[in-house]
S.K.: 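Quick one: this structure, given as structure tokens, is what I'll be asking you about.
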Amino acid sequence: MLLRVDVPVADGLLASVPLAMGGRPSPFGLDPRDADMALRMLTDGSCPPLEFAGVHAHLASGLAAPELAAAARSVAAWADDLARRHRVPLRELDVGGGMAVDYGDPDARFDWVGYGAALARLADARPELRLRVEPGRALTAYCGWYATDVLDVKHSHGEEFAVVRGGTHHLRTPAARGHSQPCHVLPVADWPHPWPRPPGRPGPVTFVGQLCTPKDLLARAAPVPAVRPGDRVVFAMAGAYAWNISHHDFLMHPHPTVHHLDV
Ligand SMILES: Cc1ncc(COP(=O)(O)O)c(C=O)c1O
């Protein structure tokens, strides 16, 4: 088994990270001071079926490759010390996920090549070690879209707001991280209602949902062309921590339909 430890890292390394689970006081993983006791229990016969294989650390989400590699080096050095103190081999090291995703620049990608090269150097120095990573967001964020339509467009104190069918109870990612979800407006010609279609409003437009909270905000001042009620809006980068982290039943609105595309 691997011991998950909140391994200490260099001061400041995780300071500007949007989501840090470690390298600081945290409920995730063992406190480093408890790791010795845990390892002793695995080696003195107190937990017979369990065998120490190594260390697991997932310290933060949203790190660029150089910072993530620096965190991995800290984890490896700390795990080396632990194993050395207890005179046991370090067979596995899981350095977690946390590869950055830039919601402000949908074309940007994490530097997998640079990170891989840094991990290869780490592994070359420890030929007996099995090194694992656990990528999450950076693999799947680009694989999902949230499509909805505009119910109303409102002008308020000099700003335009488009209220969409749905909101952060379907896609909580922007509210959870405090970003604007990248979006595109697909103008729709049809207007199925008997009353006249309200005129379009030019961007920038803030896209909000149907919930009774100002936190139900999907994208602030998005630079889109004119938006009219009935238009489609497609939010990109909705393939990670989207529906599955959302508070689905807030105000009991219907759930969205999920379509899996074979592309
Ligand atoms: C233990 C563990 N590993 C990996 C991940 C994936 O992180 P990310 O999506 O930032 O790559 C998470 C996410 O919370 C996690 O808790």
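All values reported here derive from a predicted model rather than from experimental measurement. Counting from 1, the numbers follow the sequence of the chain as shown. Counting starts at 1 for both ligands and their atoms, in listed order.
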S.K.: Could you tell me if any non-hydrogen atom of Tyr241 lies under 4.0 Å from any atom of ligand 1?
M.R.: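 In this structure, Tyr241 qualifies as a contact of ligand 1 - some heavy atom is under 4.0 Å.
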
S.K.: Would you check if there is a donor-acceptor pair between the side chains of His56 and Glu92 at a distance under 3.5 Å?
M.R.: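 Not at all, the side chains of Glu92 and His56 share no donor-acceptor pair under 3.5 Å.
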
S.K.: Salt bridge or not between Arg109 and Asp102? Use side-chain N to carboxylate O under 4.0 Å.
M.R.: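 Looking at Asp102 together with Arg109, the answer is no, because their closest N to O distance does not fall below 4.0 Å.
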
S.K.: Flag Gly98 as yes when one of its N or O atoms lies below 3.5 Å from any N or O atom of ligand 1, and as no otherwise.
M.R.: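 Min N/O separation from ligand 1 is below 3.5 Å for Gly98.
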
S.K.: Counting each atom of ligand 1 from 1 as listed, which ones have a heavy atom of Ser61 under 4.0 Å away?
M.R.: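 Matching atoms, with element in brackets: 7 (O), 8 (P), 10 (O).
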
S.K.: Under 6.0 Å from the CZ atom of Arg232, do we count more than 12 heavy atoms belonging to anything else shown?
M.R.: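 No, not enclosed.
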
S.K.: For Ala138, state whether at least one heavy atom is located under 4.0 Å from any atom of ligand 1.
M.R.: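 False for this residue.
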
S.K.: Short N/O distance, under 3.5 Å, between Gly136 and ligand 1?
M.R.: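 Yes.
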
S.K.: Tell me: protein heavy atom nearest atom 3 (N) of ligand 1, and distance?
M.R.: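 Its nearest protein heavy-atom neighbour is Glu134 OE1, 2.5 Å.
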
S.K.: Should you measure from each heavy atom of Gly97, which atoms of ligand 1 turn up under 4.0 Å away?
M.R.: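 Checking each atom against Gly97, I get 4 (C), 11 (O).
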
S.K.: Salt bridge (charged side-chain N to carboxylate O under 4.0 Å, His left out) with Glu160: which residues, sequence neighbours excluded?
M.R.: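 Residues passing salt bridge (charged side-chain N to carboxylate O under 4.0 Å, His left out) with Glu160: Arg201.
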
S.K.: Using heavy atoms and a threshold below 4.0 Å, how should the contact between Arg137 and ligand 1 be classified: side chain, backbone, both, or neither?
M.R.: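 Contact part for Arg137 vs ligand 1: both backbone and side chain.
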
S.K.: How are the rings of His169 and His247 set relative to one another: parallel (under 30°), tilted (30 to 60°) or perpendicular (over 60°)?
M.R.: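 Perpendicular.
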
S.K.: Could you identify the single nearest non-hydrogen protein atom to atom 15 (C) of ligand 1 and state the distance to 0.1 Å?
M.R.: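 Going by distance alone, atom 15 (C) of ligand 1 is nearest to His58 CD2, 3.4 Å.
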
S.K.: Give the numbers and elements of all ligand 1 atoms closer than 4.0 Å to a heavy atom of Met21.
M.R.: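 Within the 4.0 Å cut-off of Met21, ligand 1 contributes 14 (O).
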
S.K.: Val224: which other cluster members, linking ILVMFWY side chains closer than 4.5 Å, directly or transitively?
M.R.: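 Tyr146, Val150, Val153, Val164, Leu171, Val185, Val205, Phe207, Leu218, Val227, Val233, Phe235, all in the cluster of Val224.
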
S.K.: Which of the numbered atoms in ligand 1 are below 4.0 angstrom from a heavy atom of Arg4?
M.R.: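 By the 4.0 Å cutoff, the relevant atoms are 1 (C).
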
S.K.: What do you reckon, is CZ of Arg228 surrounded by more than 12 foreign heavy atoms closer than 6.0 Å?
M.R.: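 Yes, enclosed.
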
S.K.: Has the side chain of His58 got a donor or acceptor atom that lies under 3.5 Å from a matching backbone atom of Arg4?
M.R.: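 No; zero donor-acceptor contacts below 3.5 Å.
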
